[in-house]
A.B. asks: 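So that we are looking at the same thing, I have put the structure below in structure tokens.
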Amino acid sequence: MSDPKQNLAEVLEKIKSAAKKSGRAASDIDLVAVSKVHGEDRIRPVLEAGHRIFGENRVQEAKGKWPALRADYPDVLLHLIGPLQTNKVKEAVALFDVIETVDREKLARKLAEEMKVQGRDLPVYIQINTGAEAQKAGVLPEEADHFIRLCREDLGLHVIGLMAIPPAQEEASLHFMLLEKIAKRNGIKKLSMGMSGDYEVAIAFGATSVRVGTAIFGARA
Ligand SMILES: *Cc1c(COP(=O)(O)O)cnc(C)c1O
């Protein structure tokens, strides 16, 4: 678990074979390397290995870490995968390339507004709370169609996908299936689902993007 570069190679290999097993092309699946909590010493080897898609869950932390790394690797794509407060929208739109956690109307409106101001039409994912967990962010499954329509038609957001974090104690595949179903009936192509413990399962259920932290960077303090 100690060498991020070696871990990255192993994860990429597992993605490849999971894709193959499902009759899918590995190139259809993006790996978002979740570097939250980790410092430059662990992130740089992954950049040196050629990886460019990263995920962070806090705006402040990403703002502290990524400008310096980006100066050396300008083609990095940074995904916001954590909850976004409306008072951080301005910074988030300036810093990130993809926002995966659009989960309520107030945030969606603020994002649409700010993207216009900054002239940055960022692709976004709608986060769905597939397990309807009280403590978890995300739109409830029964409200998803309405919310997706609002984001696309009323606010003009560039909705490219759906994202979910299944309940820890439940069979993830049921949640992956639900996410796929909601995406399909809304004509949405991308599915961000699967983490270190279940990304191969997620690929079997149609993930186009997996968010993997621990399996690449090691355990978080
Ligand atoms: C931290 C995090 C991950 C990565 O989790 P690992 O189990 O470390 O792979 C994925 N998605 C989100 C939203 C996260 O916050």
Side-chain angles (χ1 to χ4, degrees), residues 1-15 18 29-39 42-43 45-46 49 51-66 77-85 88 92 95-104 107 122-139 160-173 175-176 178-180 183 190-221:
M1 289 301 287
S2 55
D3 179 8
K5 202 180 271 189
Q6 177 65 34
N7 295 340
L8 172 71
E10 284 171 18
V11 169
L12 287 171
E13 203 45 54
K14 285 184 182 167
I15 289 173
I29 299 149
D30 284 333
L31 170 62
V32 177
V34 179
S35 49
K36 64 184 183 198
V37 180
H38 296 287
R42 299 194 71 73
I43 299 173
V46 174
H51 196 75
R52 290 295 181 268
I53 310 175
F54 291 82
E56 290 281 347
N57 69 335
R58 288 171 195 273
V59 177
Q60 281 322 107
E61 184 189 339
K63 213 182 148 194
K65 258 164 33 181
W66 280 95
L77 285 175
L78 209 52
H79 289 224
L80 178 66
I81 61 165
L84 179 56
Q85 295 168 295
K88 299 269 172 63
L95 181 67
F96 288 92
D97 302 290
V98 180
I99 310 283
E100 293 206 19
T101 47
V102 180
D103 64 354
R104 60 199 189 279
L107 174 63
L122 301 184
V124 304
Y125 285 72
I126 309 288
Q127 184 175 354
I128 310 289
N129 188 354
T130 58
E133 295 173 281
Q135 81 283 8
K136 204 164 271 176
V139 180
I160 61 163
L162 301 183
M163 179 271 215
I165 311 167
Q169 309 305 329
E170 289 180 27
E171 188 63 59
S173 56
H175 295 272
F176 297 153
L178 175 57
L179 197 69
E180 197 268 341
K190 289 187 179 286
L191 295 171
S192 171
M193 56 193 200
M195 315 199 297
S196 290
D198 55 19
Y199 66 93
E200 291 160 285
V201 179
I203 289 168
F205 284 90
T208 61
S209 188
V210 292
R211 308 177 309 267
V212 180
T214 309
I216 296 171
F217 296 103
R220 289 180 292 270

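Numbering of ligands and ligand atoms starts at 1, following listing order.
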A.B. asks: If a pair satisfies salt bridge (Lys or Arg N to Asp or Glu O under 4.0 Å) and one of its residues is in residues 202-221, list it, with sequence neighbours excluded.
C.D. replies: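 Checked against salt bridge (Lys or Arg N to Asp or Glu O under 4.0 Å) - neighbours excluded - no pair reaches residues 202-221.
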
A.B. asks: How would you list, by chain and number, the residues with a heavy atom under 4.0 angstrom from ligand 1?
C.D. replies: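 The answer is V34, K36, I81, M163, I165, M195, S196, R211, V212, G213, T214, R220, counting any residue whose heavy atom sits under 4.0 Å from ligand 1.
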
A.B. asks: Nearest heavy-atom pair of A172 and D198: which atoms, and what distance?
C.D. replies: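 Closest approach of A172 to D198: CB-OD2, 3.6 Å.
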
A.B. asks: For side chain to side chain contact (heavy atoms under 4.5 Å, CB included), just list the numbers for L77 and R52, CA-CA rounded to whole Å, side-chain angles, deciding distance to a tenth of an Å, and then say yes or no.
C.D. replies: CA-CA 6 Å; L77 285 175; R52 290 295 181 268; 5.8 Å; no

A.B. asks: Under the rule for salt bridge (Lys or Arg N to Asp or Glu O under 4.0 Å), what residues qualify as partners of E171, not counting sequence neighbours?
C.D. replies: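 Per chain and number, E171 pairs via salt bridge (Lys or Arg N to Asp or Glu O under 4.0 Å) with no residue.
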
A.B. asks: Please list, chain by chain and in numerical order, all residues satisfying ring-ring contact (aromatic ring centres under 6.0 Å, His included) with F54, sequence neighbours excluded.
C.D. replies: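 If we apply the ring-ring contact (aromatic ring centres under 6.0 Å, His included) test to F54, skipping adjacent residues, the hits are H51, W66.
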
A.B. asks: With a sphere of 6.0 Å drawn around CZ of R104, does it hold more than 12 non-hydrogen atoms of other residues, nucleotides or ligands?
C.D. replies: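 Result for CZ/R104: enclosed.
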
